[in-house]
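Chain naming here is simple, since letters A, B, ... match the order of the sequence lines and numbering starts at 1 in each.
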Number of protein chains: 2
Amino acid sequence: MSLKHGILGLLANGPMTGYELSNDFNTSLSFMWHAQQSQVYRELGDLEKNGYVTSTIIPQEGKPNKKQYAISDSGVQELVHWLNEYHFQDSLKVRDAFVLRIFFSARGNSDKLKSALHAYVEWNKTLLGQLDAIEQQYLPPERLQAESDALYWLISLKKGRYTFRANVEWGTETLTILEQLNHGGTQHE
Amino acid sequence: MSLKHGILGLLANGPMTGYELSNDFNTSLSFMWHAQQSQVYRELGDLEKNGYVTSTIIPQEGKPNKKQYAISDSGVQELVHWLNEYHFQDSLKVRDAFVLRIFFSARGNSDKLKSALHAYVEWNKTLLGQLDAIEQQYLPPERLQAESDALYWLISLKKGRYTFRANVEWGTETLTILEQLNHGGTQHE
DNA sequence: TGGGTCATGTAACCTGTTACATGATTAG
DNA sequence: CTAATCATGTAACAGGTTACATGACCCA
């Protein structure tokens, strides 16, 4: 239900191609909504069929033609309607295969688990660094003063920070617990 | 891919019915893996078709018959194989419609947003309380000493705590930011 | 007498994933 | 010369959601 609205939201700031949209969902937006390229193209097809967006083909030289999508009036209407629903229950439906594995890990290999946790912590630190880069690129201080969008950008970004920081803290604490176990005696596997 | 292994993991501790499995995924396990009842029944059908589980019908009086599933040898094998993969990339693919909405909220109604955030914070506090209840019910101190499973239970539970706590902190900070905005002057909508 | 729990599922639909296909240009 | 980037998509499949269907028992 929401990739649709993610696309409409982006197009509300100006026309974009499927390629550009897809890149955004895989880079600067990936900490709040991730999507596959093939999914974006399919969704754009549906949106156009339903009249929420229109498309124009832009010829290019030396590169493949672009197909640029623009939001329609009914698209804006649909976006605003969705926006004001503000329910959050769906976003709390967790599906975390990594934690699920750990839950069953008495049957697993504890060395593998430790190195996975280490990589997990490092990766979350990398993600935190990416958020800093995004902030520097899209949210210079002068923009925060001038544009009302920028504040909501910043708030969303903070959500990513809280999440990844929590992951780092949990991972680090867990590693400590597992190390103590090893030194303390009883070893599984 | 992982509901399958979640079911196998639970069945590794003893036989269960679809109804019981489904309840677990909607209550005590929901902070790490959430699943619909209909999904559990479908998955059990597939697992049985592939020989990972076997079923026995247990007649009951005054209640509908139970269909109890037990894990097979190849099921255990499949579980252990999955367990030792330990990759975490999937669990970091975010899809958070609430944050996405906020990202576009310059076009939305800020009073609605504030009350939604308030509810979000309260709900996350409720979830934290549920984790405490789960810990008290399943993880009394004596069990942590005695059973090696219990440690991994606890670690998974901590993940839920970190996550929901981060949500509370982010929501609270965001509310403060939005309040200041209102008092400071410029109002959207 | 109305709603909750116990207990099984099916069907239709929507969303997400993986893999494939094409083909020119550009940077290392 | 090889890999990445630009740019479009399709097809098949896997996984998740919503709604429906049945029926007895228990509690307020």
Side-chain angles (χ1 to χ4, degrees), chain A residues 1-8 15-27 29-30 32-50 53 55-69 82 87 89-97 100, chain B residues 1-8 15-27 29-30 33-50 52-53 55-69 82 87 89-97 100:
Chain A
M1 269 276 85
S2 286
L3 172 58
K4 173 178 165 179
H5 300 104
I7 292 174
L8 290 175
M16 290 175 81
T17 68
Y19 188 74
E20 290 162 348
L21 284 161
S22 155
N23 281 350
D24 282 3
F25 286 113
N26 283 305
T27 57
L29 300 184
S30 68
M32 56 179 141
W33 199 276
H34 164 272
Q36 231 63 41
Q37 200 176 32
S38 61
Q39 225 184 321
V40 172
Y41 282 113
R42 180 174 55 185
E43 199 62 58
L44 280 169
D46 291 354
L47 284 167
E48 188 168 25
K49 214 185 296 163
N50 293 311
V53 301
S55 66
T56 322
I57 287 166
I58 299 178
Q60 294 190 121
E61 281 169 48
K63 286 179 188 174
N65 291 347
K66 281 184 180 185
K67 195 169 173 187
Q68 206 174 45
Y69 289 88
W82 171 78
H87 56 76
Q89 306 291 345
D90 288 356
S91 78
L92 296 173
K93 283 183 182 168
V94 183
R95 271 192 196 92
D96 190 325
L100 191 65
Chain B
M1 270 274 87
S2 286
L3 173 58
K4 173 178 164 179
H5 300 104
I7 291 173
L8 291 176
M16 290 175 81
T17 68
Y19 188 74
E20 289 162 349
L21 285 162
S22 154
N23 282 350
D24 282 3
F25 286 115
N26 284 307
T27 57
L29 300 184
S30 68
W33 198 276
H34 164 272
Q36 232 61 41
Q37 200 176 31
S38 60
Q39 225 184 320
V40 172
Y41 281 114
R42 180 174 55 184
E43 198 63 55
L44 281 169
D46 291 355
L47 284 167
E48 189 167 25
K49 215 184 296 164
N50 292 311
Y52 296 125
V53 301
S55 67
T56 322
I57 286 166
I58 298 177
Q60 294 190 120
E61 281 170 48
K63 287 178 188 176
N65 291 346
K66 283 184 180 182
K67 195 169 173 188
Q68 208 175 43
Y69 289 89
W82 170 79
H87 56 77
Q89 305 291 346
D90 288 356
S91 79
L92 296 174
K93 283 184 183 168
V94 183
R95 272 191 195 92
D96 190 325
L100 192 65

Keeping the roles fixed (side chain from B:R95, backbone from A:M32), state whether a donor-acceptor pair exists under 3.5 Å. no
With A:D96, which residues qualify under salt bridge (Lys or Arg N to Asp or Glu O under 4.0 Å), at least two apart? B:K159
For A:Q37, which contact category applies under a 4.0 Å heavy-atom criterion: base, sugar-phosphate, or nothing? base
Pair B:S55, B:E48: side-chain N/O donor-acceptor within cut-off below 3.5 Å: yes
Solution key, residues 37-45 of chain A side-chain donor-acceptor pairs under 3.5 Å, sequence neighbours excluded:
| residue | atom | partner | partner atom | Å |
| --- | --- | --- | --- | --- |
| A:Q39 | OE1 | A:Q36 | N | 3.4 |

Side-chain donor or acceptor of A:N26 paired with backbone N/O of A:H34 under 3.5 Å: no
Contact boundaries on DNA chain C for chain B, cut-off under 4.0 Å to non-hydrogen atoms: C:dT5 to C:dT17
In whole Å, I'd like the distance from the CZ atom of B:F25 to the P atom of D:dG16. 11 Å
What nucleic acid atoms does A:S38 come within less than 4.0 Å of, heavy atoms only: base, sugar-phosphate, or nothing? base
Touch check for A:R95, heavy atoms < 4.0 angstrom, all strands: base, sugar-phosphate only, or nothing? sugar-phosphate
The criterion is salt bridge (Lys or Arg N to Asp or Glu O under 4.0 Å); which residues satisfy it with B:E20, sequence neighbours excluded? B:K66
Contact class for B:G45 (heavy atom, under 4.0 Å): base, sugar-phosphate, or nothing? nothing
Going 5' to 3' through nucleotides 22-28 of chain D, assign each nucleotide B (protein heavy atom under 4.0 Å from a base atom), S (under 4.0 Å only from sugar-phosphate atoms) or - (no protein heavy atom that close). -B-S---
Report the distance from atom OH of B:Y41 to atom C1' of D:dT17, rounded to the nearest whole Å. 17 Å
Considering the terminal five base pairs at each end of the helix from C:dT1-D:dA28 to C:dG28-D:dC1, what angle separates the two local helix axes, rounded to 10°? 50°
Please report the distance, rounded to the nearest Å, between NZ in A:K93 and C1' in D:dT17. 8 Å
